[in-house]
There are 2 protein chains.
Amino acid sequence: MKEQELKDYLKEKGLRLTHQRENIIKHFCDKNKHYTVEELYEEMKKEMPGIGFATVYRTLQLLVAAGFALERRFKDDVTRFEPLHKNDHHDHMICIECGRIIEFENKKLERLKDGVAKKHNFCILLHKLEFYGYCEKCRNKKIKGKK
Amino acid sequence: MKEQELKDYLKEKGLRLTHQRENIIKHFCDKNKHYTVEELYEEMKKEMPGIGFATVYRTLQLLVAAGFALERRFKDDVTRFEPLHKNDHHDHMICIECGRIIEFENKKLERLKDGVAKKHNFCILLHKLEFYGYCEKCRNKKIKGKK
DNA sequence: ATACGTGCAAAGTGTTTGCGACAGT
DNA sequence: ACTGTCGCAAACACTTTGCACGTAT
Ligand SMILES: [Mn+2]
Ligand SMILES: [Mn+2]
Ligand SMILES: [Mn+2]
Ligand SMILES: [Mn+2]
C-alpha cells in the first residue's frame with residue numbers, strides 16, 4: 001500500500017510523518033485527479049482547518065521527489081499534481097469547454113514517437129503530448145445548440 | 001512579403017505603423033527563433049535604445065492576433081514567440097543541456113494522433129507534442145565525458 | 001534534546017495593464 | 001485635431017522561501 005511505502009521513504013530519509021503529511025497523503029494518493037496546490041489546499045482545509053498553503057505545497061513537492069506524484073502543467077499554466085498509481089505513462093486530452101481531462105495511452109504512438117526522435121539522433125528522456133478540444137459531451141452540446 | 005501583409009492588416013484594423021512596430025517586424029519576422037519577450041526586447045534595444053518592454057510585449061501579441069506569430073510555452077514556463085513562416089505545423093524537440101530546439105513534422109504521427117482522438121470521440125482542435133532530452137551534439141559530449 | 005516541519009507573511013518571477021505624454025493618420 | 005501607441009511603473013497571479021515557533025523522534 002502506498003501509505004506504507006511513503007512511511008518507509010520518510011524513515012529512510014530521516015524525515016518525519018506529521019499529521020499534515022499523513023492526512024494529505026491519505027486524501028491525495030488514491031484520487032485520480034490533477035490537483036493544483038490551491039485545489040488540494042481547499043480540500044485539506046475541510047479536514048484540517050489550520051493547515052497552511054505552504055505545507056500542502058511542500059508536501060506535494062515531497063511526493064514528487066519520492067516518486068509518488070507527477071507534476072504537470074497544461075495550457076492554463078498552473079502547476080498540477082497527480083498521484084502516480086502504477087509506473088504507467090499516459091498522455092492527456094483536455095476539454096477546453098468543461099476542463100475534463102481524459103487520459104490515454106497508445107503504444108503505437110509511443111513507438112512512432114521514439115522512431116522520430118531516433119531519426120533526428122535525439123536522445124529522448126521525456127515527452128509531452130496533449131490534445132486540446134471538446135470532449136464528447138461538450139461537442140454534443142455544441143451541436144445541439146446550433147440546431 | 002510579410003511586411004506588406006502586416007501593413008494591410010494594420011490599415012484594415014485602423015491601427016498605426018509606428019517606428020517601433022516597423023522595426024520589431026523587420027527584426028522578428030524573418031528569424032527562425034523562439035523568442036521570449038525579454039530576448040526580443042534586448043535585441044531591439046540595440047536598434048532602438050529607447051524602446052519599452054511593454055511595446056515589444058504588445059507588438060508580439062499583435063503579431064499573434066494577426067496570424068504572423070505563434071505563442072509557445074515549453075518546459076521552462078516562459079512564453080515564447082516564433083514567426084509563422086508558412087501555414088506549416090511543426091512540433092519540437094528541446095535539448096535540456098544546450099537549449100537547442102529542433103523542429104520536426106511527421107505526417108504519420110499526426111494521422112495516428114487524429115485516430116486516437118477519434119477513438120475517444122474527442123474533437124481535437126490543437127495539440128502539443130514536445131520531446132525533451134539531449135540533442136546529438138550534447139549526447140556525444142556526454143559519451144566522451146564518460147570515457 | 002534535537003532537528004525537521006509548520007504557518008505566516010514576504011519575496012520572487014514573468015505577465016499584464018493603467019495612465020499621461022507622444023505621434024501617425 | 002483625433003486617436004492609437006509608447007514608455008514607465010504598478011498590479012497581477014502564481015510560486016517559492018525565510019523565519020520563529022511547534023513537534024516527531
Ligand atoms: Mn506518451
Ligand atoms: Mn494524468
Ligand atoms: Mn504535431
Ligand atoms: Mn517552432
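Proteins come first, then strands; the chains are lettered A, B, ... in the order of their sequence lines, and each starts at number 1. Since the model is a prediction, treat every value here as computed from it, not as a measurement. Computed over heavy atoms, backbone and side chain alike; hydrogens, waters and symmetry mates excluded.
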### Task
Return the minimal non-hydrogen interatomic distance between Pro83(A) and Lys33(A), and the atom names on each side.
CD-O, 3.6 Å

#### Entry: Closest approach of Phe68(A) to Glu5(A) (non-hydrogen atoms, all atoms of both residues)
CE2-OE1, 3.4 Å

### Task
For the pair His89(B) and Glu110(B), evaluate side chain to side chain contact (heavy atoms under 4.5 Å, CB included) and give the outcome as yes or no after the intermediate values.
CA-CA 10 Å; His89(B) 162 75; Glu110(B) 298 292 335; 3.1 Å; yes

### Summary
Per the under-4.0 Å heavy-atom filter, residues of residues 10-27 of chain A near DNA chain C come out as Gly14(A), Leu15(A), Arg16(A), Thr18(A), Gln20(A), Arg21(A)

### Query
Which residues within residues 40-51 of chain A lie with some heavy atom under 4.0 Å of an atom in DNA chain C?
Gly50(A), Ile51(A)

### Task
Give Val37(B) one of three labels, base, sugar-phosphate or nothing, depending on what nucleic acid heavy atoms sit under 4.0 Å from its own.
nothing

### Query
Looking for any heavy atom pair under 4.0 Å, which part of the strands does Thr79(A) touch: base, sugar-phosphate only, or nothing?
sugar-phosphate

#### Entry: Atom pair distance, as rounded to whole Å: NZ in Lys7(B) and C1' in dT25(C)
15 Å

### Whole angstrom value for the distance that separates C1' of dG18(C) from CZ of Phe53(B)
16 Å

#### Entry: Selection: residues 58-74 of chain B, any non-hydrogen atom under 4.0 Å of DNA chain D
Arg58(B)

Atom pairs and distances, side-chain donor-acceptor, residues 10-18 of chain A, under 3.5 Å, sequence neighbours left out:
{"unit_1": "Thr18(A)", "atom_1": "OG1", "unit_2": "Arg21(A)", "atom_2": "N", "d": "3.1"}

#### Entry: Residue list, ring-ring contact (aromatic ring centres under 6.0 Å, His included) with Phe81(A), at least two apart or on another chain
none

### Message
Holding to ring-ring contact (aromatic ring centres under 6.0 Å, His included), I want the full list of residues that pass it with Tyr41(A), two or more places apart in sequence or in another chain.
### Response
Phe53(A)

## Note on the structure
chain B reaches DNA chain D, atoms under 4.0 Å from its heavy atoms, from dT3(D) to dC8(D)

### Message
Please report the end-to-end axis angle for the helix from dA1(C)-dT25(D) to dT25(C)-dA1(D), five pairs per end, rounded to 10 degrees.
### Response
20°

### Message
Do Lys128(A) and Tyr132(B) form a cation-pi contact, if we require the NZ or CZ to be under 6.0 Å from the six-membered ring centre and within 45 degrees of the ring's axis?
### Response
no

### Task
For Asp77(B) and for Ala54(A), find the nucleotide of DNA chain C with the closest heavy atom, then tell me which residue's nucleotide is more 5'.
Ala54(A)

### Message
Would Tyr134(A) and Lys141(A) count as a side chain to side chain contact (heavy atoms under 4.5 Å, CB included) here? Give the steps.
### Response
CA-CA 10 Å; Tyr134(A) 297 106; Lys141(A) 261 186 225 163; over 6 Å; no

#### Entry: 4.5 Å side-chain heavy-atom contact, Asp91(A) and Glu130(A)
no

For a quick test of your reading: what N or O donor-acceptor pairs under 3.5 Å do the side chains of residues 55-66 of chain A make, sequence neighbours left out?
{"unit_1": "Tyr57(A)", "atom_1": "OH", "unit_2": "Gln61(A)", "atom_2": "NE2", "d": "3.0"}
{"unit_1": "Thr59(A)", "atom_1": "OG1", "unit_2": "Thr55(A)", "atom_2": "O", "d": "2.7"}

### Query
Are more than 12 heavy atoms from other residues, nucleotides or ligands located less than 6.0 Å from atom NZ of Lys31(B)?
yes

### Summary
Sorted by chain and residue number, the side-chain contact (heavy atoms from CB on, under 4.5 Å) partners of Ile124(B) (sequence neighbours excluded) come out as Phe131(A), Lys113(B), Asp114(B), Ala117(B), Phe122(B), His127(B)

### Message
Could you work out, with side-chain contact (heavy atoms from CB on, under 4.5 Å) as the rule, every residue matching Glu42(A), not counting sequence neighbours?
### Response
Glu38(A), Lys45(A)

Under 3.5 Å, side-chain donor or acceptor atoms of residues 92-107 of chain B against the rest of the protein: list the pairs with distances, not counting sequence neighbours.
{"unit_1": "His92(B)", "atom_1": "NE2", "unit_2": "His34(B)", "atom_2": "NE2", "d": "3.1"}
{"unit_1": "His92(B)", "atom_1": "NE2", "unit_2": "His90(B)", "atom_2": "NE2", "d": "3.1"}
{"unit_1": "Glu103(B)", "atom_1": "OE2", "unit_2": "His34(B)", "atom_2": "NE2", "d": "2.9"}
{"unit_1": "Glu103(B)", "atom_1": "OE2", "unit_2": "His90(B)", "atom_2": "NE2", "d": "3.0"}
{"unit_1": "Glu105(B)", "atom_1": "OE2", "unit_2": "Lys107(B)", "atom_2": "NZ", "d": "3.2"}
{"unit_1": "Asn106(B)", "atom_1": "OD1", "unit_2": "Lys108(B)", "atom_2": "N", "d": "3.1"}
{"unit_1": "Asn106(B)", "atom_1": "OD1", "unit_2": "Leu109(B)", "atom_2": "N", "d": "2.8"}

### Query
Hey, are Arg80(B) and Asp76(B) close enough for a salt bridge, meaning a charged N less than 4.0 Å from a carboxylate O?
yes

